[in-house]
Participant: 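I have a structure I would like to understand better, so I am pasting it below and will then ask my questions one at a time.
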Amino acid sequence: MGLLEGKNALIFGLANDKSIAWGITQSFLREGANIGISYAGEVMEKRVKPLAEKINCKWVEECDVTKDDQIKAVVKKAEAHFGKIDILVHSIAFAGRDELSRPFHETSRQGFLTAMDISVYSFVALTHAFLPIMNDGGSVMCLTYGSGAVKVAPHYNVMGVAKAALESATRYLAYDLGPKKIRVNAISAGAIRTLAAAGVGGFRDMYKHFADKSPMRENVTIEDVGDAATFLASDLSKRITGEVMYVDSGFNIMGVQMVEDKGE
Ligand code: NAD
């Protein structure tokens with residue numbers, strides 16, 4: 001029997017088959033979960049729908065997390081299809097390309113607000129909105145990059161600040177939801193080549209640096225993150241909440257991590 005047999009899981013943030021959300025989807029499926037997928041909007045639809053068909057996923061719904069009415073609507077649709085849900089995955093982030101290449105002190109007010117809205121507030125908003133239809137004992141999780149949140153990762157800039165806020169939000173939500181035995185955790189993934197990562201200046205160097213400098217001397221894959229997500233979604237982790245779990249070949253434990261900045 002799979003670790004997630006009989007559990008209903010909603011995954012937000014699928015863009016394509018390189019997405020971390022896709023690695024999570026695959027692992028959840030393998031462990032027997034019933035999957036629902038949500039994506040950002042029309043542009044994503046044509047990439048996401050064929051993927052959903054491939055895995056015979058019947059619940060595929062649009063939700064731009066900057067829109068309260070779309071969040072409300074997607075909860076209604078989830079309730080109509082699943083009744084209650086057990087697992088909620090937030091694998092969403094956005095910051096304008098400019099903000100991820102110029103010096104951090106040049107961050108614009110609007111760029112700051114947008115990054116915080118899409119990458120942090122949406123986690124709070126989705127958790128709040130889905131709470132009425134979440135089973136006690138459920139699991140909520142988000143994706144962070146701790147090496148850019150608690151330390152400085154060149155070019156990560158406002159996204160590092162957003163991830164620090166996201167990790168803090170994880171702890172506050174864990175406190176709120178604890179009495180219902182709903183756990184809230186963050187996975188800190190190592191550098192993975194995805195659409196979102198492509199927007200971070202110098203990502204190519206950072207990616208290579210990971211493989212060279214991490215204790216395990218290798219990059220992580222979306223499948224690695226998917227399996228960690230399965231652990232956090234399953235009853236195996238039933239007393240773990242408010243944590244940031246690193247899935248990064250140990251990169252974050254290293255003392256000297258400076259990436260030579262070639263600005264690529
Ligand atoms: P991705 O581009 O595949 O996923 C990001 C998703 O965010 C996309 O599906 C996009 O449509 C969605 N999104 C953006 N704006 C949205 C909006 N307004 N409403 C709804 N969805 C919206 O890239 P990814 O790397 O898989 O990113 C997933 C998560 O993993 C993000 O939180 C990212 O910061 C985090 N992460 C990525 C890495 C990495 O190296 N790739 C490392 C650590 C953490």
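We count ligands from 1, going down the list as the structure has it; atoms in each ligand are counted the same way. Treat the numbers as computed from the prediction; the structure is a model and nothing was measured.
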Participant: Looking only at non-hydrogen atoms, which of Met206, Glu62, Lys163, Gln70 approaches atom 33 (C) of ligand 1 most closely?
Facilitator: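 Among Met206, Glu62, Lys163, Gln70, the closest heavy atom to atom 33 (C) of ligand 1 belongs to Lys163.
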Participant: Just need the protein heavy atom nearest to atom 4 (O) of ligand 1, so name the residue and atom and give the distance.
Facilitator: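 Ranked first by proximity to atom 4 (O) of ligand 1 is Gly13 O, 3.6 Å.
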Participant: Could you go through Ile182 and Thr127, starting from their C-alpha distance and side-chain angles, then the distance that decides it, and tell me whether this counts as side-chain contact (heavy atoms from CB on, under 4.5 Å)?
Facilitator: CA-CA 11 Å; Ile182 297 173; Thr127 303; over 6 Å; no
Participant: Short N/O distance, under 3.5 Å, between Ile20 and ligand 1?
Facilitator: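 Yes - when backbone and side-chain N and O of Ile20 are compared with those of ligand 1, one distance drops under 3.5 Å.
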Participant: Going by the atom numbers of ligand 1, which of them fall below 4.0 Å from some non-hydrogen atom of Ala197?
Facilitator: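 Atoms satisfying the 4.0 Å criterion: 41 (N).
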Participant: Suppose we measure from atom 3 (O) of ligand 1 to each protein heavy atom; which comes out shortest, and what is that distance?
Facilitator: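 For this ligand atom, the closest protein heavy atom is Ser19 OG, 2.6 Å.
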Participant: Among protein heavy atoms, which sits nearest to atom 14 (C) of ligand 1, and what does the distance come to when rounded to 0.1 Å?
Facilitator: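 Going atom by atom, the protein heavy atom closest to atom 14 (C) of ligand 1 ends up being Ala93 O, 3.8 Å.
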Participant: How does Ile118 reach ligand 1, if at all, at less than 4.0 Å between non-hydrogen atoms: by side chain, backbone, both, or neither?
Facilitator: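 Looking at Ile118 and ligand 1, just side chain atoms fall under 4.0 Å.
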Participant: If I take atom CZ from residue Phe251 and atom CE from residue Met206, how far apart are they, to the nearest 0.5 angstrom?
Facilitator: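 If we round to the nearest 0.5 Å, Phe251:CZ and Met206:CE are 8.0 Å apart.
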Participant: Do Val124 and Tyr172 have side chains that get closer than 4.5 Å, going by heavy atoms?
Facilitator: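 Side-chain contact under 4.5 Å: no.
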Participant: I need the contact type for Leu14 against ligand 1. Using non-hydrogen atoms and a strict under-4.0 Å cut-off, is it side chain, backbone, both or neither?
Facilitator: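 Near ligand 1, Leu14 shows its backbone, while the atoms from C-beta on stay back.
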Participant: Is the positively charged end of Arg193 above the ring of Tyr207, judged by distance under 6.0 angstrom from the centroid and angle within 45° of the axis?
Facilitator: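 Here Arg193 passes the 6.0 Å and 45° test against Tyr207.
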Participant: How far does CD of Glu167 sit from CD of Glu243, to the nearest 0.5 angstrom?
Facilitator: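 Answer rounded to 0.5 Å: 11.0 Å.
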Participant: Do any nitrogen or oxygen atoms of Ala196 lie less than 3.5 angstrom from nitrogen or oxygen atoms of ligand 1?
Facilitator: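 Such a contact does occur with ligand 1.
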Participant: Please write down residue, atom name and distance for the protein heavy atom closest to atom 44 (C) of ligand 1.
Facilitator: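 Minimum-distance protein heavy atom for atom 44 (C) of ligand 1 reads Thr144 O, 3.1 Å.
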Participant: Are Tyr121 and Met116 side-chain neighbours, meaning at least one heavy-atom pair lies under 4.5 Å?
Facilitator: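 Sidechains of Met116 and Tyr121: no contact.
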Participant: CD1 of Ile222 to CG of Asp227: how many Å apart, nearest 0.5 Å?
Facilitator: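 Nearest 0.5 Å value for the CD1-CG distance: 11.0 Å.
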Participant: Going by the order shown, which atoms of ligand 1 are within less than 4.0 Å of some heavy atom of Asp64?
Facilitator: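 Heavy-atom distances to Asp64 below 4.0 Å select 17 (C), 18 (N), 19 (N).
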Participant: State if Gly190 counts as touching ligand 1 under the rule of any non-hydrogen atom under 4.0 Å.
Facilitator: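 Contact present.
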Participant: Considering heavy atoms of the protein only, find what lies nearest to atom 5 (C) of ligand 1 and give residue, atom and distance to 0.1 Å.
Facilitator: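 For atom 5 (C) of ligand 1, the nearest protein heavy atom comes out as Ser91 O, 3.7 Å.
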Participant: Taking 4.0 Å as the limit for heavy-atom contacts, which would you say applies to Ala189 with ligand 1: side chain only, backbone only, both, or neither?
Facilitator: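 Both of them.
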Participant: Would you say Lys18 has any N or O atom under 3.5 Å from an N or O of ligand 1, going by distance alone?
Facilitator: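 No, there is no polar N/O contact under 3.5 Å.
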Participant: Which atoms of ligand 1 are found less than 4.0 Å from any heavy atom of Ala15?
Facilitator: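 So the answer, numbered in order with elements, is 3 (O), 8 (C), 9 (O).
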Participant: Can you find an N/O atom of Thr194 closer than 3.5 Å to an N/O atom of ligand 1?
Facilitator: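 Yes, Thr194 has an N/O under 3.5 Å of an N/O on ligand 1.
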Participant: Compute the shortest N/O to N/O distance between Ile192 and ligand 1 and return yes if it is under 3.5 Å, no if not.
Facilitator: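 Indeed, backbone or side chain, Ile192 has an N or O that close.
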Participant: Once you restrict to heavy atoms under 4.0 Å, what part of Ile222 touches ligand 1? Side chain, backbone, both or neither.
Facilitator: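 No part of Ile222 is near ligand 1 at this cut-off.
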Participant: Between Cys142 and Thr170, is a side-chain contact (heavy atoms from CB on, under 4.5 Å) present by the stated rule, with each step listed?
Facilitator: CA-CA 8 Å; Cys142 63; Thr170 300; 3.4 Å; yes
Participant: Between ligand 1 and Cys63, can you find any atom pair, the residue atom being a heavy atom, that is separated by under 4.0 Å?
Facilitator: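 Contact present.
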Participant: Considering heavy atoms of the protein only, find what lies nearest to atom 21 (N) of ligand 1 and give residue, atom and distance to 0.1 Å.
Facilitator: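 Residue, atom and distance for the closest contact: Ala40 CB, 3.5 Å.
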Participant: So, taking the atom named OG in Ser237 and the one named CE in Met245, what distance separates them when rounded to the nearest 0.5 Å?
Facilitator: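 Going from the OG atom of Ser237 to the CE atom of Met245 covers 8.0 Å.
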Participant: Quick check: Ile92 and ligand 1, any N/O pair under 3.5 Å apart?
Facilitator: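 N/O-N/O distance below 3.5 Å exists for this pair.
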Participant: Any atoms of ligand 1 less than 4.0 Å from a non-hydrogen atom of Ala191? List them with their elements.
Facilitator: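 So the answer, numbered in order with elements, is 40 (O).
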Participant: Does ligand 1 have any atom that is closer than 4.0 Å to a heavy atom of His90?
Facilitator: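 Contact check His90 vs ligand 1: negative.
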Participant: For atom 10 (C) of ligand 1, is the nearest protein heavy atom closer than 4.0 Å?
Facilitator: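 No; the ligand atom in question lacks any protein heavy-atom contact below 4.0 Å.
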Participant: Tell me whether the count of non-hydrogen atoms from other residues, nucleotides or ligands lying under 6.0 Å of CZ in Phe112 goes above 12.
Facilitator: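 Count not over threshold, so no.
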Participant: Do Tyr39 and ligand 1 have an N or O pair less than 3.5 Å apart?
Facilitator: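 N/O-N/O distance below 3.5 Å does not exist for this pair.
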Participant: Yes or no on side-chain contact (heavy atoms from CB on, under 4.5 Å) for Glu99 and Asn157, after CA distance, side-chain angles and deciding distance?
Facilitator: CA-CA 7 Å; Glu99 313 294 357; Asn157 296 357; 5.7 Å; no
Participant: Would one find more than 12 heavy atoms of other residues, nucleotides or ligands at under 6.0 Å from atom NZ of Lys84?
Facilitator: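 Enclosed: over 12 neighbouring heavy atoms sit under 6.0 Å from NZ of Lys84.
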Participant: Nearest 0.5 Å please: distance from the CG atom of Asn8 over to the CE atom of Met134.
Facilitator: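 Rounded to the nearest 0.5 Å, the CG-CE separation comes out at 10.0 Å.
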Participant: Evaluate the criterion ring-ring contact (aromatic ring centres under 6.0 Å, His included) for residue pair His90 and Phe12; output intermediate values, then yes/no.
Facilitator: CA-CA 5 Å; His90 176 284; Phe12 283 74; 8.0 Å; no
Participant: Test side chain to side chain donor-acceptor pair (under 3.5 Å) on Thr221 and Asp224 and set out the steps.
Facilitator: CA-CA 5 Å; Thr221 65; Asp224 297 330; 3.1 Å; yes
Participant: What I want to know is whether Tyr145 and ligand 1 share at least one N or O pair that is separated by under 3.5 angstrom.
Facilitator: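 Min N/O separation from ligand 1 is not below 3.5 Å for Tyr145.
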Participant: Set out, in order, the CA-CA distance, both residues' side-chain angles and the distance that settles side-chain contact (heavy atoms from CB on, under 4.5 Å) for Val220 and Phe210, then state yes or no.
Facilitator: CA-CA 9 Å; Val220 302; Phe210 245 90; 5.9 Å; no
Participant: Quick one: nearest non-hydrogen protein atom to atom 30 (O) of ligand 1, plus distance?
Facilitator: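 The protein heavy atom lying closest is Leu143 CB, 3.3 Å.
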Participant: Return the residue, atom name and 0.1 Å-rounded distance of the protein heavy atom closest to atom 19 (N) of ligand 1.
Facilitator: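 Nearest protein contact, heavy atoms only, for atom 19 (N) of ligand 1 is Val65 N, 3.0 Å.
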Participant: What is the distance from atom CG of Leu173 to atom NE2 of His128, rounded to the nearest 0.5 Å?
Facilitator: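 Rounded to the nearest 0.5 Å, the CG-NE2 separation comes out at 11.0 Å.
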